[in-house]
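One-based numbering, in listed order, for ligands and for the atoms of each.
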Amino acid sequence: MTIKLNQPIKPNLEKLTHYLAQVNDSGWYTNFGPLHQQLTKRLEVYLGVENLLLVSNGTLALQVAYKALDVKNALTTPFSFVATASSLIWQGIETSFSDIDNATYNLCPQQAKKALDRDSSIDTIVATHVYGNPCNVDRFEELAENNQVNIIYDAAHAFGVNIADKSVLSYGDASTLSFHATKVFHTVEGGAIIFKRKADYERAKRLINFGLGENGQLTEAGINAKLNEYQCAVGLTLLDEVDNILSHRAKLFEAYRCGLQAIVEMPEWHEGANFNGAYMPIKLKNAEQRMLVESILKEHDIHYRQYFSPSLDNVFDDLKVYSNKNSQELSQTTVCLPLHYYMTTSDVIMITNLLKKALM
Ligand SMILES: *Cc1c(COP(=O)(O)O)cnc(C)c1O
C-alpha cells in the first residue's frame with residue numbers, strides 16, 4: 001500500500017457549502033469580505049497574534065513583507081524551500097547567503113553576524129523556521145538591535161508553533177505563513193503576514209490592493225495579492241479541525257522520533273517549543289546511506305523527499321555566499337519521511353521498523 005509523503009486536508013463539504021451559500025447571499029466574493037474578516041479575527045485569536053493580513057499565497061506574503069519594510073539588501077538561508085530566496089530575487093533585492101546551524105538546520109546567528117560585519121549595506125535578515133523548528137529568535141533579536149537590521153521570518157512551516165506559550169509568529173518585524181494545500185492548515189492557496197507594527201500592516205493592506213487606500217485614493221504602486229471569499233470559506237471550515245490536525249501530526253512526529261532516535265540524527269528542537277508535526281526530517285550519515293534508505297522506501301512504495309535539496313546557493317549561483325558548509329552537507333543527507341493527517345501510528349511504526357532493519 002502506498003504511503004504518500006503528504007496529503008492535503010479535505011474540508012467537510014457540508015460545512016464548506018454552508019459558507020459558500022453565505023457568499024452567494026452577500027454577493028461579496030473578494031476584497032476583504034465578511035468571511036475574510038471572520039477568518040482574520042479567528043486566526044489572530046487562534047495563533048495569539050495581532051496585525052495579521054491574509055494574502056493569496058505564501059510567496060506573495062514574503063514579497064509584500066519586503067515591500068512594506070523597504071528591503072533593499074537581504075541576507076538569507078540557503079537551506080529552505082526555493083521561494084524564500086526566489087521571492088527576494090524576483091523583487092530585485094540584493095541577496096546573499098550565510099550558513100545554517102549544524103544542529104538546528106536554521107540560519108546560524110553567528111554566521112549571519114559575520115556577514116553583517118563584512119557588509120554594512122545588508123538591511124534585512126530573512127530566516128526560515130525550518131520544519132517548524134523555531135530559529136534562535138533571541139540571538140536574532142540581539143542582532144537586529146545591534147546592527148539596525150529587519151528580521152523577517154519565513155514561518156511557512158511554523159503554523160501553531162509557540163515558544164513557551166508565545167507564538168513564534170510574534171518574533172521579528174514580520175513573519176509569513178503559507179496556506180498552500182500541502183501545509184498543516186490551508187486555504188487551497190493562500191498565506192498571511194503577521195507584522196510587529198500596526199503601521200506596516202496598514203501599508204501592506206494597501207499594497208495588496210493595488211496601493212489603494214480605504215477610500216479609494218492611490219497611495220503608491222501596489223499589487224493584487226488579496227485572498228478571496230471562496231478560499232476563506234475553506235480556511236474557516238478547516239480551522240474548526242485544526243486542533244485535531246496538529247495534535248495528530250505531533251503524535252505521529254513523536255512516534256517517529258521515539259522509533260528512530262537510536263539510529264539516525266534529527267534536527268535539535270528549540271527549547272520550550274511545541275511540535276506541530278509539519279515535516280519528519282532525518283539526517284543520514286552520508287549520501288550512500290541516504291541512497292540505501294531511499295531504495296528501501298521505494299521498494300515498499302513509501303514516498304519520501306530529499307528536503308531541502310539542492311542547497312539554494314547552488315541554484316542561484318551568481319549570488320554572494322558568505323558561508324555554506326553545513327547547508328551543502330545537510331542538503332545531501334537529509335530526507336523527509338511521510339507525515340500527514342491521514343496516516344496512523346501503525347504506519348509510522350511500520351516505517352521505523354523498516355529503517356531499523358536497514359540501518360542497525
Ligand atoms: C510553502 C513554502 C513557501 C511558499 O508558499 P506558497 O503558499 O506555496 O507560495 C515559502 N517558504 C517556505 C519555507 C515554504 O515551505
- Query: Which of the atoms in ligand 1, numbered in the order shown and given with their element, are less than 4.0 Å from a heavy-atom of Gly58?
  - Reply: 5 (O), 6 (P), 7 (O), 9 (O)
- Numbered in order shown, the ligand 1 atoms found under 4.0 Å of a heavy atom of Ala156 are 2 (C), 11 (N), 12 (C), 13 (C), 14 (C), 15 (O)
- Task: For atom 9 (O) of ligand 1, find the nearest protein heavy atom and state the residue, atom name and distance (0.1 Å precision).
- Result: Thr59 OG1, 2.6 Å
- For Ser80, the atoms of ligand 1 under 4.0 Å from one of its heavy atoms are 13 (C)
- Please say which of Tyr341, Tyr342, Phe275 ends up in a ring-ring contact (aromatic ring centres under 6.0 Å, His included) with His248. Tyr341
- Message: Below 3.5 Å, N or O to N or O, backbone or side chain included: is there any such pair between Asp154 and ligand 1?
- Response: yes
- atom 3 (C) of ligand 1 [closest protein heavy-atom partner, distance rounded to 0.1 Å]: Phe81 CD2, 3.7 Å
- Are Glu202 and Lys205 within salt-bridge range, i.e. N to O under 4.0 Å? no
- Item | Any Val264 side-chain heavy atom under 4.5 Å of Lys285 side chain | no
- Query: Heavy atom under 4.0 Å from ligand 1: found in Asn57's side chain, backbone, both, or neither?
  - Reply: both
- Task: Among all protein heavy atoms, pick out the one at the shortest distance from atom 5 (O) of ligand 1; state its residue, atom name and that distance to 0.1 Å.
- Result: Ser178 OG, 3.2 Å
- Message: Could you walk me through whether His340 and Phe253 satisfy the ring-ring contact (aromatic ring centres under 6.0 Å, His included) test, starting with their C-alpha distance in whole Å, then the side-chain angles of each, then the deciding distance to 0.1 Å, before giving a yes or no?
- Response: CA-CA 10 Å; His340 59 75; Phe253 181 81; over 10 Å; no
- Does Gln22 reach the side chain of Glu229, with side-chain heavy atoms less than 4.5 Å apart? no
- Query: Between Glu189, His180, Lys183, His186, which one has a non-hydrogen atom sitting closest to atom 2 (C) of ligand 1?
  - Reply: Lys183
- Test: Lys113 cationic atom under 6.0 Å from Phe140 six-membered ring centre, within 45° of axis: no
- Which atoms of ligand 1 have any heavy atom of Gly190 under 4.0 Å away? 7 (O)
- Do the ring planes of Phe179 and Phe185 sit parallel (below 30°), tilted (30 to 60°) or perpendicular (above 60°)? perpendicular
